[in-house]
Amino acid sequence: MVVKTQSRGLGITGLHVGATNVRRYFPKNISSIELQLDHLQIQCGLKPNFWRGEPEIFDPRLCAWLEARHMHTRLDRTPVPLAMIPAGKNSYRLQPVCINRQTRSKLLPAEA
């Protein structure tokens with residue numbers, strides 16, 4: 001799935017997952033997910049509002065990674081599309097994605 005960075009100001013960056021993705025990929029009974037950020041694995045809590053119109057993930061470690069890897073050159077703080085690829089139960093690998101014809105092949109789940 002494609003998600004976008006969401007900035008709430010300098011130093012507060014998270015992910016906007018989108019309501020459709022939430023309904024499709026995130027069961028309501030989970031309270032956290034694991035994100036693989038390059039060589040780092042973190043667990044991010046999902047707030048109840050995640051399923052009620054605020055499909056966003058904010059975590060200090062995620063913020064630091066996004067700021068260092070994707071936002072440091074964007075003075076205007078425009079959203080950056082990222083691929084959130086299933087990597088196990090309630091686990092996703094986050095990586096850059098180019099929006100073009102080849103995007104679909106880049107979004108396939110990793111083999112277990």
Side-chain angles (χ1 to χ4, degrees):
M1 80 187 91
V2 176
V3 299
K4 291 183 181 180
T5 59
Q6 180 168 351
S7 179
R8 290 188 178 167
L10 193 57
I12 304 174
T13 303
L15 294 175
H16 180 80
V17 178
T20 302
N21 286 335
V22 168
R23 283 190 302 274
R24 185 176 292 157
Y25 299 109
F26 297 88
K28 287 185 179 183
N29 65 339
I30 62 170
S31 60
S32 64
I33 61 168
E34 181 180 277
L35 290 178
Q36 298 174 16
L37 314 171
D38 297 328
H39 66 281
L40 179 67
Q41 287 185 296
I42 64 171
Q43 193 168 18
C44 296
L46 301 176
K47 297 184 178 186
N49 286 344
F50 182 74
W51 291 272
R52 296 186 207 131
E54 293 180 26
E56 302 159 353
I57 301 170
F58 284 92
D59 178 276
R61 298 158 299 173
L62 174 62
C63 175
W65 184 81
L66 290 170
E67 290 286 329
R69 299 278 294 171
H70 301 287
M71 301 302 288
H72 66 281
T73 59
R74 294 185 177 258
L75 298 176
D76 61 357
R77 315 298 291 167
T78 55
V80 176
L82 297 168
M84 200 165 157
I85 303 167
K89 185 175 181 177
N90 302 326
S91 180
Y92 299 87
R93 187 174 70 246
L94 202 59
Q95 66 185 43
V97 64
C98 296
I99 303 297
N100 61 29
R101 291 177 182 237
Q102 296 175 348
T103 299
R104 186 169 179 83
S105 64
K106 292 181 181 181
L107 298 179
L108 295 176
E111 291 185 28

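Just so it is clear, the values below take in all heavy atoms, side chains as well, and ignore hydrogens, waters and symmetry mates.
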Item checked: Nearest heavy-atom neighbours spanning P96 and L82 -> CA-CD2, 3.8 Å
Checklist line | Atom pair OG1/NZ of T78 and K4 - distance to nearest 0.5 Å | finding: 10.0 Å
Note to self: If you define the side chain from C-beta out and look only at heavy atoms, does anything of I57 sit under 4.5 Å from V3?
What the structure shows: no
Margin query: Could you measure the distance from the CH2 atom of W51 to the CG atom of N29? Nearest 0.5 Å is fine.
Written below: 8.0 Å
Check: NZ of K47 to CZ of R52: how many Å apart, nearest 0.5 Å?
Finding: 12.5 Å
Next item on the list: List the atom of V2, the atom of N21, and the distance in Å for their closest heavy-atom pair.
Entry: O-ND2, 3.3 Å
Next item on the list: Specify the closest pair of heavy atoms between W65 and D38, including all atoms of both residues, with the distance to one decimal.
Entry: NE1-OD2, 3.0 Å
Notebook entry, point to check: So do M1 and V17 actually touch side chain to side chain, heavy atoms under 4.5 Å?
Noted result: yes
Notebook entry, point to check: Can you name the nearest heavy-atom pair linking I12 to E67, along with the distance?
Noted result: N-OE2, 4.3 Å
Notebook entry, point to check: What distance separates L15 CG from F58 CZ, expressed to the nearest 0.5 Å?
Noted result: 8.0 Å
Checklist line | Qualifying residues under side chain to side chain contact (heavy atoms under 4.5 Å, CB included), relative to E34, sequence neighbours excluded | finding: Q36, Q41, S91
Notebook entry, point to check: Between atom CD1 of I42 and atom CG of L37, what is the distance when rounded to the nearest 0.5 Å?
Noted result: 4.5 Å
Check: Would you call E56 and N49 a side-chain contact if the rule is heavy atoms closer than 4.5 Å?
Finding: no
Checklist line | Rounded distance (nearest 0.5 Å) linking atom CD of Q43 with atom CG of L35 | finding: 9.5 Å
Check: Any ring pair (Phe, Tyr, Trp, His ring centres under 6.0 Å) pairs touching residues 24-44, not counting sequence neighbours?
Finding: F26-F50, F26-Y92
Check: Of all heavy-atom pairs between N90 and S32, which one has the smallest distance, and what is that distance?
Finding: CB-O, 4.2 Å
Notebook entry, point to check: Who passes salt bridge (Lys or Arg N to Asp or Glu O under 4.0 Å) against R61, sequence neighbours left out?
Noted result: D59
Item checked: Minimal non-hydrogen separation, V22 against P55, with atom names -> CG2-CB, 3.5 Å
Margin query: Between T5 (side chain only) and V80 (backbone N and O only), is there a donor and an acceptor less than 3.5 Å apart?
Written below: yes
